[in-house]
Novice: 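Before I ask anything, here is the structure I am working with.
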2 protein chains.
Amino acid sequence: MAAPKFIEIKQHLTELIEQGSLAEHAKVPSENALAAQFECSRMTARRALTELVEQGVLVRSQGQGTFVASLKSQGSMLTIRNIADEVKERGRGHRVQVLAKTRLAADTEVAIALGLSPGTEVGHTALLHLEEGLPMQLEHRYVNLALVPGYLEQDFALQTPHEYLSQVAPLTEAHHEVEAVVVDTATAELLQLGPGEPCLRILRRTWSRSGAVSFARLTHPGSRYRLGGHLVMDN
Amino acid sequence: MAAPKFIEIKQHLTELIEQGSLAEHAKVPSENALAAQFECSRMTARRALTELVEQGVLVRSQGQGTFVASLKSQGSMLTIRNIADEVKERGRGHRVQVLAKTRLAADTEVAIALGLSPGTEVGHTALLHLEEGLPMQLEHRYVNLALVPGYLEQDFALQTPHEYLSQVAPLTEAHHEVEAVVVDTATAELLQLGPGEPCLRILRRTWSRSGAVSFARLTHPGSRYRLGGHLVMDN
DNA sequence: AATCTTTGCTTGTATATACAAGTCGTCTGT
DNA sequence: ACAGACGACTTGTATATACAAGCAAAGATT
């Protein structure tokens with residue numbers, strides 16, 4: 001019934017930190033000291049410390065010891081999900097219109113994002129994602145065809161680019177930027193924006209083991225879309 | 001010189017997954033099987049699995065076994081940082097103007113966010129964060145005074161609300177939403193926006209052990225600010 | 001005095017072992 | 001035919017131990 005011992009130790013340490021007994025950058029008792037204090041083996045004490053390090057509460061340094069991490073460095077996180085899953089999870093209808101599917105020469109922005117030299121041929125797709133018939137995202141995607149040669153042969157009405165790319169080139173890394181923008185009139189019409197309505201834009205670059213795979217510009221109507229996230233920092 | 005053994009096992013498994021030998025939801029060899037295969041103890045094999053579970057690559061279930069997690073569930077993350085640190089890290093001057101510091105009755109939005117009944121008195125502060133003299137964020141913050149009674153006595157020109165709150169009520173949880181909005185003319189003037197320029201708005205709610213502490217509405221000029229993040233999914 | 005060595009503490013990796021606890025199929029008794 | 005007991009296999013927790021590797025300060029050598 002009792003909580004596992006390493007959780008007791010974790011709680012004890014986080015309490016000390018939260019009540020201020022263990023200040024920022026203060027040295028935490030060593031693994032051996034904790035083992036003695038809690039009458040457990042070093043490996044159990046070690047596990048408590050290890051998990052707190054993973055949570056960003058502590059910092060360890062071989063040979064020196066374990067220390068309280070700086071409080072402000074505990075950055076919180078926001079999850080970025082793909083629009084198709086998001087819509088489906090809301091239990092609403094998701095549909096896609098394929099607006100473009102071509103090869104084109106990379107301009108400087110795309111070339112830099114994909115780590116190619118400007119002018120290299122890349123795959124370009126433009127998709128409009130609809131939720132219950134209403135436009136929710138305009139997806140402009142540029143793909144490195146050297147890494148994903150079959151990209152343009154896909155039918156994206158059946159399988160979204162994100163799903164296809166996850167299969168053929170599993171991601172190892174991603175980078176996102178989020179900004180608020182005003183779009184040109186053609187795009188505004190596509191997204192059925194109201195007058196003066198801004199858009200939330202996500203720039204997403206993804207890498208697989210072999211290199212930079214794709215660069216996407218995801219544009220959402222500001223009035224209909226919110227990016228939402230959640231994170232538990234402690235436990 | 002050689003990599004530790006548990007990293008070898010991790011790499012072996014991620015390779016199997018990436019090349020498709022281990023499909024989604026497929027059963028991964030048990031800890032004992034891996035220990036036999038790699039001629040190591042069960043604890044070492046277990047560590048490899050544990051770390052892959054923490055990365056979201058695998059899923060474990062006591063009694064059943066370990067399985068490959070669904071690929072799409074690997075949502076990527078975006079870090080949300082506080083503006084003061086961000087500006088200082090760029091090596092630029094950060095300054096704050098305190099525009100308001102009062103008690104007021106919570107309207108419905110604030111009351112819901114803080115888990116209070118509408119009309120409860122809460123602390124309200126409005127700060128304008130400047131980077132090299134240019135407005136970068138308008139921070140409207142509502143604080144549960146029952147949990148942080150000293151809030152309104154602080155001088156926020158010296159210590160930002162975020163820093164103060166981190167000290168007196170260490171966060172255990174945070175929730176964010178991000179949206180693109182058009183603001184009223186008074187706010188537009190404060191942020192020195194161009195005509196029709198949209199804003200990136202972050203809604204941030206934070207909890208400490210004792211309950212919902214604060215609700216903040218952070219408004220950034222769309223032309224001068226981008227939310228940027230990064231995540232390594234693998235290793 | 002300056003430099004190298006030793007010693008002791010720390011964390012990091014790895015092993016062998018034990019028992020607890022959850023799941024599932026099988027075997028058994030009714 | 002059904003229910004329950006049992007056993008096999010899985011992950012979860014905990015211990016005791018060993019050696020490697022990094023760091024720092026005290027001590028020995030130059």
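Below, read A as the first sequence line, B as the second, and so on, with proteins coming before strands; counting in each chain starts at 1.
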Novice: Treating B:H220 as the side-chain partner and B:M136 as the backbone partner, does any N or O pair qualify as donor plus acceptor under 3.5 Å?
Specialist: yes
Novice: CG of B:L49 versus C1' of D:dT11: gap in Å, rounded?
Specialist: 10 Å
Novice: Between atom CG in A:L34 and atom P in C:dC9, what is the gap in whole Å?
Specialist: 17 Å
Novice: How many whole angstroms separate atom CZ of A:R60 from atom C1' of C:dG12?
Specialist: 8 Å
Novice: Could you tell me whether the side chains of A:T66 and A:R60 share a donor-acceptor contact shorter than 3.5 Å?
Specialist: no
Novice: For A:V28 and A:F67, run side-chain contact (heavy atoms from CB on, under 4.5 Å): C-alpha distance rounded to whole Å, both residues' side-chain angles, the deciding distance at 0.1 Å, then the answer.
Specialist: CA-CA 5 Å; A:V28 171; A:F67 306 87; 5.7 Å; no
Novice: Just by modelled atom types, is the B:C40 backbone N or O under 3.5 Å from a matching donor or acceptor in the B:T44 side chain?
Specialist: no
Novice: Anything under 3.5 Å between a protein N or O and an N or O of nucleotides 22-24 of chain D, put it in a table, one pair a line.
Specialist:
from	atom 1	to	atom 2	distance (Å)
D:dG22	N2	A:G63	O	3.2

Novice: What is the separation between atom CG on B:L52 and atom P on D:dT11, rounded to the nearest whole Å?
Specialist: 13 Å
Novice: Please state how far atom CG in A:N32 lies from atom P in C:dG12, giving the value in whole angstrom units.
Specialist: 13 Å
Novice: Keeping B:T50 on the side-chain end and B:R46 on the backbone end, is there a donor-acceptor pair under 3.5 Å?
Specialist: yes
Novice: So, OP1 or OP2 of C:dT11: does either fall under 4.0 Å of a side-chain N or O from A:T66?
Specialist: yes
Novice: Between the protein and nucleotides 13-17 of chain D, which nitrogen or oxygen pairs are less than 3.5 angstrom apart?
Specialist:
from	atom 1	to	atom 2	distance (Å)
D:dT13	OP2	A:R47	NH1	3.3
D:dT13	OP2	A:R47	NH2	2.8
D:dA14	OP1	A:K5	N	2.5
D:dA14	OP2	A:K5	N	3.4
D:dT15	OP2	A:S41	N	3.2
D:dT15	OP2	A:T44	OG1	2.7

Novice: Please walk me through it: do A:Y225 and A:E86 pass side-chain hydrogen bond (donor to acceptor under 3.5 Å, both in side chains)?
Specialist: CA-CA 11 Å; A:Y225 186 76; A:E86 217 171 296; 3.2 Å; yes
Novice: Would A:Q64 and A:K27 count as a side-chain hydrogen bond (donor to acceptor under 3.5 Å, both in side chains) here? Give the steps.
Specialist: CA-CA 9 Å; A:Q64 289 185 266; A:K27 186 165 185 177; over 6 Å; no
Novice: If we ignore angles and hydrogens, is there a donor and acceptor under 3.5 Å between the side chains of B:S214 and B:R141?
Specialist: yes
